[in-house]
Amino acid sequence: MQKLKIMALGITLVGIVMFSEVIAYADSTGETSTGITLGGWANESSGDQGSGSQESGDQESGGAGDNESQEPGFRPYPKKTTVYAMKHIYLYRESTFNKKYRKISYVKKPRIKRPMFVVVGHKYSRNGVLRYKVRDVNHKSKTDGKVGYITARWDYIRPVYYQGFHKRMTVIAPAGINVYKKVNLTKKRSHYKQGTKIKIKRIVHYRLTTRYILASGGYITGNRKLVQYKDKKQPMKVKTKTHVNLYDNVNLQKKRKSYKAGTKLTVKNWDYSRENKMGVKGVKRYKVAGGYITGNTKFVKVVYSR
């Protein structure tokens, strides 16, 4: 009888240890090995599985985790906020993500060409995961005006407009930006070319956007696609390494002339191709006198400003 009691006690202890290990695993991943959510964001499967009740974990490009983590203190962006996609995402017909509900694929694009959306609502998936209901506002794209649901993850979706103060901004818009006398960006005062570094006095909010007041006076946009708070080297000249063609536009269409190896050219600005193709990343180009050339370092050597 004494031996039986000892055996029973041993089995009980083993069971407690095994259960503790399950709890420890759940605390670190947000789910148990059986798929039961114990805390944090809702448990979603990691691979857009079309069967059963599981949802994809917004792993649009395969590199993110599936716990729908957010920044500390994260608050959903309100309606009418303009946001852009930092990584590859999909627009879905339903708030519960599934391959069969995908409408449009938006690949990861360079910062100045990131796809934009306006938040028109909020909805939760079957597993309680927040989604943004959005309207596509990429006006020159075939996707313009499309409505659906996208992930609300911080590492995928950000506001287009800066929300904080920065002492200096660098202009990254290929066409440059204007300085205005009014906060609503009217009454043009001056213009800054791409690559210009601007000293900032303070940030102001204007409706659901932001503006920066310059140390020299006037207002500029707080649009992240047009300005960047980090210093960014600006290409000044390029030297062709091999035969290079000059084209009419940024997509390298309509050849204009050719340059032989060793030709030095002054760069007016840098840009990316296929802005309005949501399924194409785009390739860097340099605008020079008379048109555009490739930005491929196999063909050109770049000299940057300090």
Show the nearest heavy-atom pair for residues Lys146 and Leu91, with the distance to one decimal. CB-CD2, 4.1 Å
For Lys284, does the NZ atom sit with more than 12 other heavy atoms under 6.0 Å from it, leaving out its own atoms? yes
Are Ile104 and Ile89 co-members of a hydrophobic cluster defined by side-chain heavy atoms under 4.5 Å apart? yes
Looking only at the aromatic ring of each residue, does the gap between the centers of Tyr90 and His88 stay below 6.0 angstrom? yes
Closest approach of Tyr162 to Gln228 (non-hydrogen atoms, all atoms of both residues): OH-CA, 3.4 Å
Taking all non-hydrogen atoms of both residues into account, name the closest pair between Lys109 and Met278 and its distance. CE-CA, 4.1 Å
Indicate whether any N or O donor in one side chain lies under 3.5 Å from an N or O acceptor in the other, for Lys232 and Thr170. no
Lys108 NZ: over 12 foreign heavy atoms closer than 6.0 Å: no
Nearest atoms (heavy-atom pairs only) where Arg111 meets Lys225: O-CG, 3.6 Å
Tell me, which pairs form a ring pair (Phe, Tyr, Trp, His ring centres under 6.0 Å) where one or both residues lie in residues 229-267, sequence neighbours left out? His166-Tyr229
Specify the closest pair of heavy atoms between Arg211 and Val183, including all atoms of both residues, with the distance to one decimal. NE-O, 2.8 Å
In sequence, state the C-alpha distance, the side-chain angles, and the governing distance for Arg168 and Asp231, and then conclude on salt bridge (Lys or Arg N to Asp or Glu O under 4.0 Å). CA-CA 8 Å; Arg168 190 160 71 168; Asp231 285 347; 2.5 Å; yes
Sorted by first residue and then second, give each ring pair (Phe, Tyr, Trp, His ring centres under 6.0 Å) pair with at least one member in residues 169-217; sequence neighbours left out. none
Can you tell me which residue among Lys255, Arg256, Lys254 is in a salt bridge (Lys or Arg N to Asp or Glu O under 4.0 Å) with Asp248? Arg256
Do side-chain atoms of Arg274 reach the backbone of Gly279 as a donor and acceptor pair under 3.5 angstrom? no
Would you say that Ile172 contacts Val227 through its side chain, given a criterion of any heavy-atom pair below 4.5 Å between the two side chains? no
Lys/Arg cation over aromatic Phe299: Lys241, 6.0 Å, 45° cone: no
Return the orientation label for the Tyr92 and Phe97 ring planes: parallel under 30°, perpendicular over 60°, tilted otherwise. parallel
Just wondering, do Lys197 and Met169 contact through their side chains at under 4.5 Å, heavy atoms? no
So Val300 and Tyr286, do their side chains get closer than 4.5 Å, heavy atoms only? yes
Who passes side-chain contact (heavy atoms from CB on, under 4.5 Å) against Glu275, sequence neighbours left out? Lys113
The single option from Tyr77, Tyr106, Tyr84 that satisfies ring pair (Phe, Tyr, Trp, His ring centres under 6.0 Å) with Phe117 is Tyr106
Residue pair Val119 / Val83, side-chain heavy-atom distance below 4.5 Å: yes
Gln253: partners by side-chain hydrogen bond (donor to acceptor under 3.5 Å, both in side chains), with sequence neighbours left out: Asn249
Given the rule in the side chain to side chain contact (heavy atoms under 4.5 Å, CB included) test, do Thr210 and Val204 qualify, once you have shown the distances and angles that lead to the verdict? CA-CA 6 Å; Thr210 54; Val204 294; over 6 Å; no
Other hydrophobic cluster members with Val280, side-chain heavy atoms of Ile/Leu/Val/Met/Phe/Trp/Tyr under 4.5 Å, chained? none
Tightest non-hydrogen contact, residues Pro76 and Tyr132, listed as CA-OH, 3.6 Å
Please tabulate, for side-chain N and O atoms in residues 287-298, each donor-acceptor pair with protein atoms closer than 3.5 Å (sequence neighbours left out).
unit_1: Thr294; atom_1: OG1; unit_2: Asn296; atom_2: N; d: 3.0
unit_1: Asn296; atom_1: OD1; unit_2: Lys298; atom_2: N; d: 2.9

Can you confirm whether Tyr149 sits close enough to Val134 that some side-chain heavy atom of one is under 4.5 Å from a side-chain heavy atom of the other? no
Do His122 and Lys79 come close enough that some side-chain heavy atom pair is under 4.5 Å? yes
Evaluate the side chain to side chain donor-acceptor pair (under 3.5 Å) criterion for residues Thr186 and Asn184: first the C-alpha distance (whole Å), next the side-chain angles of each, then the deciding distance (0.1 Å), finally the verdict. CA-CA 6 Å; Thr186 57; Asn184 63 351; 2.7 Å; yes
